[in-house]
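Just below is one structure, and these are the notes that go with it.
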Amino acid sequence: MTTWQATALTLFPEMFPGSLGCSLAGRALREGIWSMETQDLRNHGVGRHRNIDDTPFGGGAGMVMRPDVVSAALEDVDPAGRPVIYPTPRGRTLTQSDVRRYASGPGVVVLCGRYEGVDERVLEARDIEQVSIGDYILSGGEVAALVLLDACVRLLPGVMGSDSSATEESFSGGLLEYPHYTRPARWEGHDVPDVLLSGDHGAIARWRHEMAEMATRQRRPDLWAAYAARAGEDISRPAGMHAGVDRLN
């Protein structure tokens, strides 16, 4: 079995593996399904104080991570075919499709930014992928790196207990996931939908698909538009009224 390799370039190596040392990811780490290494960017700092940042040209608040420091850190890493990823609000939105691509390869190298970010020249010169985990600002790239790595590790063979879990969850087919219910069947006056108690697997599958469509249309119109376009469907019709699926109340 080939070990999936994750490397984080960071000012805070102690933040890794963090939460990834627990639960399924932690067990997979201990079993050698994947590996986690860190490189302290400070080791490549310049001058007596090992500076890794400097003031921005053109003025402005904050500091910018130096291109020579980042480049030196990257040169100390053997990418071995792994993409170098820089989490940043300026990047394209990270999608499940990206995660599947990363997880299917030999691993990833993640550059964790700080301050106002990284000098643009090294990002362009080293062909670094820029991705965003959401439209908000974090104190640094380490938390975003943990999010990205968690999403990848859980897809590695042998990490999750059921292969069907990954194929039925949100985004796997372009839709959000259907709602889930468990015991007790009646809780605080709320009942589990009758169809889930029917034993009719075909009806249950249709209901779950409809609920996934409804949730996606109501909560993520961007995903719904893309899904409907791929399916060649008219998104003006109510969710659930597609492909012969009758609307359930």
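Atom set for the values below is all heavy atoms of this structure, side chains included, hydrogens, waters and symmetry mates excluded.
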* Structure fact -> Minimal heavy-atom distance between Arg114 and Ser139, with the atoms involved, is NH1-O, 3.4 Å

* **Side chain to side chain, Val110 and Leu149, heavy atoms closer than 4.5 Å** => yes

* Structure fact -> When rounded to the nearest 0.5 Å, the distance separating OG1 of Thr216 from OH of Tyr178 is 13.0 Å

* Has His201 got more than 12 heavy atoms of other residues, nucleotides or ligands less than 6.0 Å from its NE2? -> no

* Is a side-chain donor or acceptor of Asn51 paired with a backbone partner of Asp53 at a separation under 3.5 angstrom? -> no

* Which residues pass the side-chain hydrogen bond (donor to acceptor under 3.5 Å, both in side chains) test with Asp191, sequence neighbours left out? -> Arg186

* N/O donor-acceptor pair under 3.5 Å between Tyr86 side chain and Val118 backbone -> yes

* Taking the side chain as every heavy atom from C-beta outward, state whether His49 and Arg42 have any atom pair closer than 4.5 Å. => no

* Rounded to the nearest 0.5 Å, what's the gap from CG on Leu41 to CG on Asp76? Could you check? => 11.0 Å

* To do: Please lay out, stage by stage, how His44 and Gln39 fare under the test side chain to side chain donor-acceptor pair (under 3.5 Å).
  => CA-CA 10 Å; His44 303 278; Gln39 183 173 154; 2.4 Å; yes

* Would you mind reporting whether Arg27 and Val159 have side-chain heavy atoms less than 4.5 Å apart? => no

* Structure fact -> Paired with Leu20, the side chain to side chain contact (heavy atoms under 4.5 Å, CB included) test is passed by just one of Cys22, Ser23, Pro17, namely Pro17

* Distance (rounded to the nearest 0.5 Å) between Leu176 CG and Gln218 CD -> 10.5 Å

* To do: Locate the shortest heavy-atom distance separating Pro179 from Met211; write the atom from each residue and the value.
  => CD-CB, 3.5 Å

* Between the side chain of Asp150 and the main-chain N/O of Val147, is any donor-acceptor distance below 3.5 Å? -> no

* If you draw a 6.0 Å radius around OH in Tyr136, do more than 12 non-hydrogen atoms from other residues or ligands fall strictly inside? -> yes

* Asked: Salt bridge or not for Arg220 and Asp222, using N-O below 4.0 Å?
  -> yes

* Asked: Once you round to the nearest 0.5 Å, how far does CG of Leu24 lie from CZ of Arg154?
  -> 9.0 Å

* Is the side chain of Trp4 donor-acceptor paired with the backbone N or O of Cys152 at a distance under 3.5 Å, no angle test? -> no

Side-chain donor-acceptor contacts of residues 122-135 below 3.5 Å, not counting sequence neighbours, with atom names and distances?
| from | atom 1 | to | atom 2 | distance (Å) |
| --- | --- | --- | --- | --- |
| Arg126 | NH2 | Ser71 | OG | 2.8 |
| Glu129 | OE1 | Arg92 | NH2 | 3.1 |
| Glu129 | OE1 | Arg101 | NH2 | 3.3 |
| Glu129 | OE1 | Tyr102 | OH | 2.7 |
| Glu129 | OE2 | Arg101 | NH1 | 3.4 |
| Ser132 | OG | Gly134 | N | 3.2 |
| Ser132 | OG | Gly134 | O | 3.0 |

* To do: Taking the side chain as every heavy atom from C-beta outward, state whether Leu155 and Val99 have any pair of such atoms under 4.5 Å apart.
  => yes

* Start with the C-alpha gap between Thr7 and Thr38, add the side-chain angles, then the distance that decides, and say whether side chain to side chain contact (heavy atoms under 4.5 Å, CB included) holds. => CA-CA 5 Å; Thr7 301; Thr38 58; over 6 Å; no

* **Separation between CE of Met36 and CG of Leu29, rounded to the nearest 0.5 Å** => 9.0 Å

* To do: Quick one: pull up OG1 in Thr55 and OH in Tyr115 and give me the separation to the nearest 0.5 Å.
  => 13.5 Å

* Looking at Val195, Leu196, Asp194, which hits side chain to side chain contact (heavy atoms under 4.5 Å, CB included) with Val192? -> Leu196

* Minimum heavy-atom distance between Cys112 and Glu142, given as atom pair plus value -> CB-OE2, 3.5 Å

* To do: Measure from the side-chain N and O atoms of Thr3 to the backbone N and O of Ser35, and report whether any donor-acceptor pair falls under 3.5 Å.
  => no

* Asked: Is there a donor-acceptor pair closer than 3.5 Å between any side-chain N or O of Thr10 and the backbone N or O of Phe12?
  -> yes

* Considering all heavy atoms, the nearest Val69-Gly45 contact -> CG2-CA, 4.2 Å

* Quick one: closest heavy-atom pair of Pro87 and Gly141, and the distance? => CG-O, 4.3 Å

* Please assess Val77 against Arg82 for the test side chain to side chain contact (heavy atoms under 4.5 Å, CB included), listing each intermediate value before the final yes or no. => CA-CA 10 Å; Val77 173; Arg82 296 177 293 164; 3.6 Å; yes

* Taking the side chain from Arg50 and the backbone from Asn43, do they hold a donor-acceptor pair closer than 3.5 Å? -> yes

* Do Arg66 and Ile52 come within less than 4.5 Å of each other through their side chains, counting heavy atoms only? -> no

* Between Leu148 and Ile85, does a side chain to side chain contact (heavy atoms under 4.5 Å, CB included) hold up when you go through it step by step? -> CA-CA 10 Å; Leu148 186 153; Ile85 305 166; 3.8 Å; yes

* **Verdict with reasoning, Val64 to Asp54, per side chain to side chain contact (heavy atoms under 4.5 Å, CB included)** => CA-CA 5 Å; Val64 178; Asp54 212 324; over 6 Å; no

